[in-house]
Amino acid sequence: MGMMDQDILKVLYTEKQIAARIEAMGMEMYGALKDKDPLFVSVLRGAFIFMADIVRACQVRCDVEFIAVSSYGNATSSSGAVKITHDIQQDITGRNIVVIEDILDSGNTLHFLKQYFMTKGAASVSICTLLDKPSRRTKAITADYIGFTVPDEFVVGYGLDYCQKYRNLPYIGVLKPEVYSGEE
């Protein structure tokens, strides 16, 4: 029992369940991407753990990149305005991009990134998200590969954070409400 476990209301997905789902996603992605020489782009910071696992589960010839974005607005809600704080470092003209994200909720970030990569000359942009939270969607965007569909609860672990904490939990859990005291 780690120090962080006491802040978790319940475990949604165990380490084993996550590993099994990622293995299945990797095989599905392999079928679609094996001849496409994809460029996997991880959205920092939340997707870094998922990125490491999904690229190993999907045994295609590929390249990896990282991008970091921030949303304007207050801490509790995204205004929809997205700014790139760390850009990818290579020309993506004609490349098949697979954006790796930890969670798709409002859709603001991924909607922005999809347009951005297409504008920069990508041949295609597909989205792979570990978690999908459709109840929070404000932009018309869907993922091509989804690990789990989650209810509108405050999820942390396996890369997902609350105030930069809990990313290193090996499972995905729901944070106790008293921990974030009504802020989301």
Side-chain angles (χ1 to χ4, degrees), residues 1-26 29 40-58 64-86 98-113 127-139 141 143 145-184:
M1 189 80 168
M3 284 172 62
M4 296 178 288
D5 296 321
Q6 65 203 15
D7 296 339
I8 303 300
L9 183 66
K10 63 183 177 193
V11 173
L12 277 186
Y13 302 105
T14 64
E15 205 172 346
K16 275 199 172 118
Q17 287 173 306
I18 295 167
R21 183 69 196 110
I22 289 174
E23 194 177 332
M25 289 175 81
M29 290 168 73
F40 287 92
V41 180
S42 173
V43 183
L44 294 172
R45 301 174 191 164
F48 81 107
I49 293 177
F50 180 43
M51 172 77 149
D53 288 345
I54 201 74
V55 295
R56 286 179 294 181
C58 180
V64 297
E65 272 278 6
F66 297 87
I67 195 163
V69 296
S70 68
S71 298
Y72 292 103
N74 59 26
T76 56
S77 64
S78 167
S79 65
V82 180
K83 179 176 86 168
I84 293 172
T85 55
H86 170 82
V98 183
V99 182
I100 308 293
E101 182 60 293
D102 55 352
I103 188 164
L104 171 51
D105 44 29
S106 72
N108 283 336
T109 301
L110 288 171
H111 186 266
F112 170 85
L113 287 176
I127 292 167
C128 172
T129 187
L130 177 65
L131 303 179
D132 186 19
K133 200 188 264 190
S135 59
R136 303 268 294 193
R137 199 83 81 250
T138 57
K139 288 279 198 298
I141 189 157
Y145 307 100
I146 296 168
F148 303 99
T149 300
V150 291
D152 190 8
E153 294 184 289
F154 207 122
V155 290
V156 293
Y158 193 78
L160 292 107
D161 76 300
Y162 170 64
C163 292
Q164 304 305 330
K165 295 184 180 72
Y166 308 103
R167 292 192 196 276
N168 54 333
L169 287 172
Y171 55 83
I172 292 167
V174 176
L175 205 55
K176 286 179 181 170
E178 59 265 31
V179 178
Y180 58 88
S181 62
E183 302 170 51
E184 190 169 339

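Everything numeric in this text was worked out from a predicted model, so none of it was measured.
Residues Val179 and Tyr166 form a side-chain contact, since some pair of their non-hydrogen atoms from C-beta on lies under 4.5 Å apart. At a threshold of 4.5 Å between non-hydrogen side-chain atoms, the residues Val11 and Ile172 do not count as touching. Considering only heavy atoms from C-beta on, Tyr145 stays 4.5 Å or farther from Ile54 through its side chain. At a threshold of 4.5 Å between non-hydrogen side-chain atoms, the residues Val98 and Ile100 count as touching. Between Thr149 and Pro134, the closest side-chain pair of non-hydrogen atoms falls below 4.5 Å. Annotation: side chain of Leu12 is in contact with side chain of Val174 (closest heavy-atom distance under 4.5 Å).
A pairwise comparison of heavy atoms in Phe66 and His86 identifies O-CD2, 3.3 Å as the closest pair. Scanning all heavy atoms of the two residues, the minimum distance from Lys133 to Arg137 falls at O-NH1, 3.5 Å. Of all heavy-atom pairs spanning Cys128 and Phe50, the tightest one is SG-CZ, 3.7 Å. Across all non-hydrogen atoms, the minimal contact from Met51 to Phe40 is CE-O, 3.4 Å. Of all non-hydrogen atoms in Lys176 and Leu9, the two that sit nearest each other are CG-N, 3.6 Å. Between Ala57 and Ile22, the shortest heavy-atom distance links the atoms CB-O, 3.5 Å.
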Kindly determine whether Asp7 and Tyr162 satisfy side-chain hydrogen bond (donor to acceptor under 3.5 Å, both in side chains), including the steps that lead there.
-> CA-CA 11 Å; Asp7 296 339; Tyr162 170 64; over 6 Å; no
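Taking a 6.0 Å sphere around CZ of Arg45, one finds it holds 12 or fewer heavy atoms contributed by other residues, nucleotides or ligands. A 6.0 Å sphere centred on CD of Gln17 holds more than 12 heavy atoms belonging to other residues, nucleotides or ligands.
Atoms CG and CD1, on Leu113 and Ile127 in that order, are 8.0 Å from each other to the nearest 0.5 Å. Residue Leu44 holds its CG atom at 9.5 Å from CD of Glu101, rounded to the nearest 0.5 Å. To the nearest 0.5 angstrom, Thr129 atom OG1 is 7.5 Å from Met25 atom CE. If you take CG on Leu110 and CD1 on Ile141, they are separated by 5.5 Å, rounding to the nearest 0.5 Å.
Ring geometry for Tyr13 against Phe148 counts as parallel: the plane angle stays under 30°, on a 0 to 90° scale with 60° as the upper cut.
For the pairing with Leu169, the side chain to side chain contact (heavy atoms under 4.5 Å, CB included) check across Leu160, Asp161, Val156 returns one residue only, Val156. Each of Val150, Asp152, Leu104, Ile103 was checked for a side chain to side chain contact (heavy atoms under 4.5 Å, CB included) with Arg136, and the lone residue meeting it is Asp152.
Side-chain atoms of Thr85 come within 3.5 Å of backbone atoms of Ala68 as a donor-acceptor pair (strictly under, hydrogens ignored).
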